Structure formats: structure tokens, C-alpha cells
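Keep in mind that the numbers below use all heavy atoms, side chains included, and drop hydrogens, waters and symmetry copies. This one's a predicted model, so the numbers in the text were calculated from it and none came from an experiment. Atoms within each ligand, like the ligands themselves, are counted from 1 in listed order.
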Amino acid sequence: MEEGKPLREESIEIPRLGPHSVLVRVSAAGVCHSDIHLVSGAYDLGEGRKLSATGGGTLLPLTPGHEIAGILEELGTEAGATGFRKGDQVVVYPWIGCGACRKCLAGRENMCEGRPAFLGFMKNGGYAEDVLVPDARYLVRSDGIEPAQAATLACSGLTAFSATRRCNLHTDDLLLVIGAGGLGTAAIQIGKRTTGARIAVADIDDTRLGLATKLGADHTFNTARVDAKELVSDVRALNGGRGADAVIDFVGKPATVSLAVRLLGHEGRLVLVGLMGGGLQLSLPILPLLGAQILGSFTGSLSELAELTQLARRGVVAPVVTASYRLEEANEVLFKLEHGEISGRAVLKP
Ligand SMILES: [Zn+2]
Ligand SMILES: [Zn+2]
């Protein structure tokens, strides 16, 4: 890819493997909203400001794709020490950090303060037949999980898992999920099946809301039909007159975030995940008076991916993959995703 241009297919020579690196033959690569930002070139920070999606320092062209599941094809001379063997079924942890900063050393490479090497953003990713992973320790075994489902664990699943954790949910808390796409549907399952919280979902699409109900959502709201004032009073009615205990905003645009703040109850937690972009005017006294928190959450750690993969293997979380496409159809899939025509997750199969 190059910024602002449609993707095109290219042959790249497979690089020579370093001692710790591995080559993974891609079985499925998830198509993520971030890929749209990546291809368009930037995140919208509001007030006309932009943030480069590739970290600014990337050499383009680049192969996108950070949700990667595949078969271990080749191992560097030292990589076998990790216990992995050729032919193993794996999901790749793509949020690879510098390995030397405080966050990386604490196991949170997704929060790298140095120069990260995220696959599909700064290094070539999974919209390909093969992907080079710099160290076998970034692999998680995914046998027993359908490859298309395993792929989505690396971003949509992991992001939903980590964001749901940040909500610090207790039994019977009310969690409101804004946006029932790939991430929202994962959060509904994780929230419902691992925390005992009640889950309400807001979206503008009835098909997605229907899917949310099927996956365990207790209440759904179509915000194309219910205005903000109504939604606030409906949510309070569900929670004994209180606002929501937690809200996860998977959309992240001014309208959804200002709505989310209005929906918070005492000591409510708002976790921002969506990167649709823009700026916001906020009623300041609300936060101290409610003792509310606003947190950002960006993907998750390698150990969280390992935990989530276990949950998927046990069937606690079943990622919703709605469609598979050929690699050559990547541009078409990105277009559909951008225009809200995909519910759940789409994957590319080389
Ligand atoms: Zn993603
Ligand atoms: Zn780092």
C-alpha cells in the first residue's frame, strides 16, 4: 500500500530468516477498521490536525494486515527453542514493540514508548501469502480454532478483551457497548461470559443489533431511532435509576463520546477504543461530581492474547466472522467496511 491509493498486488522476495525469526504461511487475515486509516494515511485528531497511522517513520509501500493466523512454515536456527515446530497452527501477536522501553519490558509492547514495529503498520503484515515474524515468542498456538476466527483474536478480539478488562466490571454491573461491529460483538461475549455484567448495546443498524442479541446482549438500542435524551433515560431505567457502570465506545467520534459521557453513572468508567476521530467539548463538572473515569485502550498485551486464545479454544468467545474473501478482493472489502456493509468481521484468505 501507499497512503491514499488503492492496494495493489506485488511480489516481494521472502527475506532471509534471522536466528529467532519465523515465517508463517497466512491462512486468514482479518480486515480491520485501522486498515482504512492506514490506507487513507492518517487519523483525524480534530481541529484539522492529523496523526500518521504508520508512525511517520515507515518506509512505504507496505503490506497491511495485523490479524494473522497461519501455519508455521520455517523457523530460524534458534527459533525451535521456543517449542514451536514447522506445521504448527498459530495466531501472530502483531503489536511488536522496541523490546527495550519500560512498557515493552513490562510486557505491554502494544504501549511501546520507543519505536514499535507493529506488523501491518510499520512492518509488512498479513495481506500476503507469507509473513515474517521477528521472534517465535510472538506466536500463540491456535489449534482447535478455525483460522478465520483465530486471526480476528489478534486485534478485534484482543482489543475488546483488554477494553472490557479496563471496565473493571462487577457482577450485575451494567455495561453499555457502543457499536456492534467486529469489536463490539467480541466485547458482548467477553463481558457477558467472563464478568457476569448485564450488557446493553447501542448501534444504528438493526442487523448488527440482532446479532448482538444472539450473542447475549440483554438490551439493544437503535440510536438512529432513539435520541440521546431518550437513551439516557432508558439506560437509567435499566439500572435502577443510575447511569451505566461502564461504557465502551467502539466508534469514537464526537457524537458517540459525548453521548457516552452523558450515560455514565457514579464512578462510571468510559473506555474509548474507536478511532473514527475528531474533537470534543466536554461538560467538565460531570467528571469530578460523578467520580467518573475516561480511559483510552489500544489493543492488548501478548499475555492477554494468550488468555483470549484459551477462551476461544474453550468456546467461551466465538469470534463472528461473517465473510471470507480472496486476497485480490482486499480493496473491495475495505470499501464495504468503510461504508458499514460488514457486520462482524471479514477475512482475506490468500
Ligand atoms: Zn485492528
Ligand atoms: Zn518499546
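Taking the Zn ion (ligand 2) as the corner point, the angle from Cys104 atom SG to Cys112 atom SG is about 110° (rounded to 10 degrees). Computed with the Zn ion (ligand 1) at the centre, the Cys155 SG to Cys32 SG angle is 130°, stated to 10 degrees.
For the Zn ion (ligand 1), the set of nearby N, O or S atoms under 2.8 Å includes none belonging to His33.
A donor and an acceptor atom, one from each side chain of Tyr138 and Glu109, are located under 3.5 Å apart.
With ring centers used as reference points, His66 lies 6.0 Å or more from Phe118.
Taking the Zn ion (ligand 1) as reference, the nearest N/O/S atom within His66 carries the name NE2.
Surrounding CD of Glu267 are at most 12 heavy atoms belonging to other residues, nucleotides or ligands under 6.0 Å away.
Looking at Asp249, its side chain never comes within 3.5 Å of a backbone N or O of Leu272 through a donor-acceptor pair.
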